[in-house]
Structures are given as structure tokens and as C-alpha cells.
Number of protein chains: 2
Amino acid sequence: MSCLPRLSQSLRARGYRVTPQRLAILEALHHDGHLSPAQVYERVRQTGMTEATVYRTLEFLRANGIVFAAQREGGRLTYELAGASHHHLVCRACGAQVDLEAAAFQELIASLEQQSGYRLEASHLTLFGLCPACQKDSKAQA
Amino acid sequence: MSCLPRLSQSLRARGYRVTPQRLAILEALHHDGHLSPAQVYERVRQTGMTEATVYRTLEFLRANGIVFAAQREGGRLTYELAGASHHHLVCRACGAQVDLEAAAFQELIASLEQQSGYRLEASHLTLFGLCPACQKDSKAQA
DNA sequence: ATTCTTATTGATAATTTTTGCAATAAGGAA
DNA sequence: TTCCTTATTGCAAAAATTATCAATAAGAAT
């Protein structure tokens, strides 16, 4: 429970403000891990906050690298606190999710940054595919 | 212009139907490359098709591996025909986009599939980061 | 503690995306 | 070709997401 104060300070240092709404959302994410915007709203509506604020705040936190937006099926997003560096494998058929250590990617990422000049967010990638279960009953072979 | 018939046959073989709406959307994507749902609708509205149909069809094509959904800023999607294997680097600040050859990933992907048992869509990844220009005027350093 | 600047929120409207269901039409069978 | 089955579409309403703008409040300065 020591990361909230640290994040607050980080925000203030950049000229942003630490509001009750932002704290409430951060706490919700800290407590529950992955949450969709709707789920976040459920957990903070008691504070009287608007849905619009939830969306804006999540986007704000994402743009500042404080939370990550992981893609779920069909373009829907779930947000989570930016913490340990890891990646996601998501089954596009059933939505099952697997977390991966990030180490394997470091080399590749470095080489891509070199080639492109981009500084990449290498800590939270999402790859799509078919999980073992769905590979069986899949009728998709192009 | 030989891929449309091939896709049609592929759909029929799986028990789906080849409708004018699906063909129109595929042609639009084939002609223009990356398109958002709204842009697709613009290009096919002459046919009398509904927006709902555009969304449903894009999702249908995506779920069947015929088109890819590339993430743009803030969760918005753009669709493109599944064709040449390549990846995207997207600047999260300005939205600039760079395409990459897929070759570099093959090795890593194979190893991930081995570890996880997933069969991954290795042909269209989207990585986010900061392009060279936006790295300069960025005030974000945690 | 008080004032001041302006980032942030709430309220509301606009826009985008999804859903439910009856009507339609693709494609196989007769 | 005609008939049948049912996947697909259109229509309309619901839900989700984003934008606008005046009012509020965080945090620095006094």
C-alpha cells in the first residue's frame, strides 16, 4: 500500500492534481486488478463520481503510464495498475488470458527500438490467439 | 483481385454465407487498406447497408481471421484485410504509425507458443510507444 | 489562513457501438 | 427451378464512450 503516495507525488511533480476521484479509481484498480470502465464505475459510484469522469480518468492515467489498457475481445478495454512487467496472451475465441514474464521480449524490443527510433512500451503487450481448448473445436482453417 | 473469390469460398466452406454486404465491406478494405468502422460505412452506404451491419460484419470477419483489427489511440479500432504479415508501432502521443516486417518476431512467437500451448496470431501485432518526435517534447518521466 | 490560477469535475448532449427481434435472402436439397 | 432451413440484415432502441462548457476545487503563492 505504498504505491499510491508515490504515484500521487509523481503526478504532482508533473503539474497534475491528485483528486479524490483519481485516488478512488487507483484504489479500485489496486484492489481488484483488471477492471473494465464499467466495473471501475461500480466500485466508485458511491463517491458520486460521473461515468464520464471514470472514462476520462482512466484515459488520463493510461496516457501518463500509470495504468495499462489491455485489449480484450472486440476492442473492449480493461485497465490495470502499471506494476510488474508482464504480457498477456488472450484467446480470441473464449477470452481466456495468460500472463507471461517480460524477460523474453527485452531483446526483441531493443532491436525494434533501434530500427524505428521509437521508444516502446515493452512492459505490457497483448497477443491474440487460440488457447489449447479452443484450438480443438475450432472450425477455422481458412 | 483474386483474394475475394478465395475468401468467399472459405466462408461458404465453413457454413457461413457470402452476402453483398460482406463483399462490399471486403472490397472497401481491399481498396483502401486501413479503415475505421465509420470510414467503412461511408464507402458502403450507397448500398443501403446499415451501420449496425458494418459493425457486425467487421467483428464477424475479425473473429474469422479474415480481417485484422489494429488498435489506434484510446481503444479505437481500424480494420484491414488479413494479408501480408506485418506489425505496427503506434505513437501513443501523436498516433503516428510505422509498419514492420514480421520476420523478426517469428522466433519469439514460436517459443511463446511452445510455452503456453496457445496458437498465436503472429502476423499483426500492435506495439505502442513514443515516436522520435514526441520523445522530445514529452514531460513524462515518472 | 486567504487569494489566485487553472486543472479537473459534473451535467448534459452528441457520438459511437451493441443488442433484440421480425423480415429477408443465401445456398443446399428436392 | 422451386422449396426449406436458418444465417444474416434492417430497423429501432439500448448501452457505451466521448465531447462541451460552466462551476468547482487542488495546490502554489502571499
Side-chain angles (χ1 to χ4, degrees), chain A residues 4-5 7-26 28 35-64 66-67 69-79 95 139-140, chain B residues 4-5 7-28 35-64 66-67 69-79 92 95 139-140:
Chain A
L4 273 288
L7 288 176
S8 300
Q9 180 176 351
S10 160
L11 281 182
R12 251 186 303 259
R14 291 186 245 174
Y16 300 122
R17 294 176 185 175
V18 178
T19 65
Q21 291 86 347
R22 287 179 180 169
L23 285 176
I25 289 178
L26 284 172
L35 290 176
S36 69
Q39 291 173 314
V40 170
Y41 178 61
E42 275 177 37
R43 284 163 179 70
V44 298
R45 67 184 312 169
Q46 13 157 347
T47 72
M49 174 181 349
T50 315
E51 281 180 282
T53 299
V54 171
Y55 282 102
R56 270 181 308 205
T57 301
L58 287 173
E59 166 57 21
F60 165 83
L61 295 172
R62 187 203 61 74
N64 284 91
I66 292 173
V67 306
Q71 326 286 343
R72 302 201 71 155
E73 268 311 275
R76 260 73 180 284
L77 297 175
T78 58
Y79 294 84
K139 52 179 175 177
Chain B
L4 274 287
L7 289 176
S8 300
Q9 180 175 352
S10 159
L11 280 181
R12 250 187 305 260
R14 292 186 246 172
Y16 299 122
R17 293 177 183 173
V18 178
T19 65
Q21 291 86 346
R22 289 179 178 168
L23 286 175
I25 288 177
L26 284 172
E27 275 169 20
L35 291 176
S36 69
Q39 290 172 316
V40 170
Y41 178 60
E42 274 177 35
R43 285 165 178 68
V44 299
R45 65 184 314 170
Q46 13 157 347
T47 72
M49 174 179 351
T50 314
E51 280 179 283
T53 300
V54 171
Y55 282 102
R56 272 182 305 212
T57 302
L58 287 173
E59 167 57 19
F60 165 83
L61 295 172
R62 187 202 60 75
N64 283 90
I66 293 173
V67 306
Q71 325 288 342
R72 302 201 70 157
E73 266 313 273
R76 259 72 179 287
L77 297 175
T78 56
Y79 294 85
R92 77 175 180 194
K139 52 176 172 178

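Sequence lines set the chain letters: A, B, ... in the order given, protein chains first and strands last, and positions in each chain run from 1.
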Please figure out whether B/P20 or B/A38 has its closest DNA chain C nucleotide nearer the 5' end.
B/A38
Counting the atoms with a prime plus P, OP1 and OP2 as sugar-phosphate, which does B/A52 contact under 4.0 Å by heavy atoms, base, sugar-phosphate, or nothing?
base
Would you say B/Q21 reaches D/dG10's phosphate, i.e. side-chain N/O to OP1/OP2 under 4.0 Å?
yes
Provide, to the nearest angstrom, the distance between the CG atom belonging to B/L61 and the P atom belonging to D/dT8.
11 Å
Side chain of A/F60: nearest nucleotide among D/dT8, C/dT8, D/dG10?
C/dT8
To the nearest angstrom, how far is B/N64 atom CG from D/dA7 atom C1'?
13 Å
Does A/P37 or A/R12 map to a spot on DNA chain D nearer the 5' end, using the closest nucleotide for each?
A/P37
When the distance from OH of B/Y16 to C1' of C/dA25 is rounded to whole Å, what number comes out?
18 Å
Nearest-angstrom distance from the residue atom CZ of B/R45 to P of D/dC11:
13 Å
I'd like to check the side-chain contact (heavy atoms from CB on, under 4.5 Å) partners of B/Q39; sequence neighbours left out, ordered by chain and number.
B/L35, B/S36, B/R43
Here the distance between atom P of C/dT9 and atom CG of A/L58, to the nearest Å, is 11 Å
Distance, rounded to the nearest Å, where A/R14 contributes CZ and C/dA7 contributes P:
16 Å
Could you check whether B/R56 pairs with B/E59 (Lys NZ or Arg NE/NH1/NH2 to Asp/Glu carboxylate O, under 4.0 Å)?
no
Can you figure out which of D/dG10, D/dT8, C/dT8 approaches the side chain of A/R22 most closely?
C/dT8
Establish, with yes or no, whether the OP1 or OP2 oxygen of D/dG10 is under 4.0 angstrom from a side-chain nitrogen or oxygen of B/T53.
yes
How long is the line joining CD of A/Q9 and P of D/dA28, in whole Å?
11 Å
Taking the side chain as everything from C-beta on, heavy atoms only, tell me whether A/L61 gets closer than 4.5 Å to A/Y79.
no
Which whole-number value in Å describes the distance from A/E51 CD to C/dA11 C1'?
13 Å
Ignoring backbone atoms, establish whether B/T19 has a side-chain N or O less than 4.0 Å from OP1 or OP2 of D/dT9.
yes
Determine: side-chain N/O of A/R56 to OP1/OP2 of C/dT8, distance under 4.0 Å, yes or no.
no
Please confirm whether A/R22 makes a cation-pi placement over A/F60, using NZ or CZ under 6.0 Å from the six-membered ring centre and within 45° of the ring normal.
yes
B/R14/B/S10 under side-chain hydrogen bond (donor to acceptor under 3.5 Å, both in side chains): CA gap, chis, key distance, verdict:
CA-CA 7 Å; B/R14 292 186 246 172; B/S10 159; 2.9 Å; yes
